[in-house]
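Order of the sequence lines fixes the chain letters, A, B, ..., with proteins taken first and strands second; residue numbering starts at 1 for each chain. Every heavy atom of this structure was used, including side-chain atoms; hydrogens, water molecules and symmetry mates were not.
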Amino acid sequence: MCGLYRLVSPPEVVRERFGYVEEERFPPRPLIRPGEPVGIVRLEDDGARHFRLVLWGLAPHWMKEPPMGRRIINARAETVLERPAFRGAVRYRRCLVPADGFYEWTGPRGSKRAVLFTLPDARPFAMAGLWERWQAPDGGEIETMTIITVDANADVAPVHERMPALLRREHWQAWLDTREVPAQEAVRLLAPAPDGMLKGRSVGNPLKGAAREPRLL
DNA sequence: CCAGACGTTGTT
DNA sequence: GTCTGG
DNA sequence: CCAGACGTTGTT
DNA sequence: GTCTGG
């Protein structure tokens, strides 16, 4: 699955690769965790790509409580068209999640170890995501996101059964363009990465001693 | 009809 | 909001 | 995600 | 088992 990832590439590199016209500031982060603000790229009303910071953990608009606790950090590609929690988002609110590494865990509870998967050149790639906007009674808005998972490819399978859905660059626009590309068609782009594409490196427990980003709530 | 859930992962 | 279970 | 904690009182 | 803090 994908419950921890990384984006340490300089903002200029991410901007150049993803081609957004506007961005919210973000520092390079070796550990990006559920509940934290994370960067997504989405098409907005001007038809252009924008980089926005939203909270990791999907909170559909009909949730009663604000998304304080843990929410839905992953969505299975196989069920994303059917589940009430995802149906609206996969049709109207698809996004890219820039990353240059994701972690998968292995080992027994209490002594888990992580493997960091990257491209050989450590360049940023796009994970497939969905986002939501939650409206508070007082009018405040909170935006959230979730990362779509698929079966592990041969690189990841020794460590874990699932992995984030990575989108080929030539598919980025179709995934983002919810006006032109219907959900059923977009979901066909979600597949395990080609075998041999990713490089894995054992990193122990990267959470040990790590400081966390400030919460937004 | 109403009430309650609505998700994934991993673990038991 | 929409579906499922009772 | 994992690791580690997991209370009371008083009030609704 | 479930929540919180990192």
Could you tell me how far apart [X] ([atom1]) and [N] ([atom2]) are, to the nearest whole angstrom?
X       : N      : atom1 : atom2 : value
E132(A) : dT2(C) : CD    : P     : 13 Å
I72(A)  : dA5(B) : CD1   : P     : 14 Å
E161(A) : dT9(B) : CD    : P     : 9 Å
Q135(A) : dG1(C) : CD    : C1'   : 15 Å
K112(A) : dT9(B) : NZ    : P     : 13 Å

Notebook entry, point to check: For atom P, what is the distance between dG5(C) and dT8(B), given to the nearest Å?
Noted result: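 It works out to 16 Å between them.
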
Checklist line | Of all pairs that satisfy ring pair (Phe, Tyr, Trp, His ring centres under 6.0 Å), the ones with a partner from residues 72-116 of chain A, not counting sequence neighbours | finding: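 Matches after skipping sequence neighbours: F102(A)-F117(A).
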
Note to self: Suppose the criterion is ring pair (Phe, Tyr, Trp, His ring centres under 6.0 Å): which pairs have a residue in residues 167-190 of chain A, not counting sequence neighbours?
What the structure shows: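 Matches after skipping sequence neighbours: F18(A)-W172(A).
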
Note to self: Mind checking if R109(A) touches a base, just sugar-phosphate, or nothing, with heavy atoms under 4.0 Å?
What the structure shows: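 Base, at least one base heavy atom under 4.0 Å.
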
Next item on the list: Classify the nucleic acid contact of T146(A) as base, sugar-phosphate or nothing, counting any heavy atom under 4.0 Å across all strands shown.
Entry: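 If one applies the 4.0 Å heavy-atom cut-off, T146(A) turns out to touch nothing in the nucleic acid.
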
Check: T79(A) side chain N/O closer than 4.0 Å to the phosphate oxygens (OP1, OP2) of dT8(B)?
Finding: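 For T79(A), the contact criterion (side-chain N or O under 4.0 Å from OP1 or OP2 of dT8(B)) is met.
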
Check: For dC3(C), does OP1 or OP2 lie under 4.0 Å from any side-chain N or O of R83(A)?
Finding: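 The answer is no; no side-chain N or O of R83(A) sits under 4.0 Å from OP1 or OP2.
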
Check: By a strict heavy-atom criterion of less than 4.0 Å, which residues belonging to residues 86-108 of chain A are in contact with DNA chain B?
Finding: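 Those residues whose heavy atoms fall under 4.0 Å from DNA chain B, taken from residues 86-108 of chain A in numerical order, are F86(A).
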
Item checked: Residues T106(A) and R113(A): side-chain donor-acceptor under 3.5 angstrom ->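 No, no side-chain donor-acceptor contact under 3.5 Å.
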
Notebook entry, point to check: Think R94(A) forms a cation-pi with W131(A), using NZ or CZ under 6.0 Å from the six-ring centre and within 45 degrees of its axis?
Noted result: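 Geometry flag: not set, cation outside 6.0 Å or 45°.
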
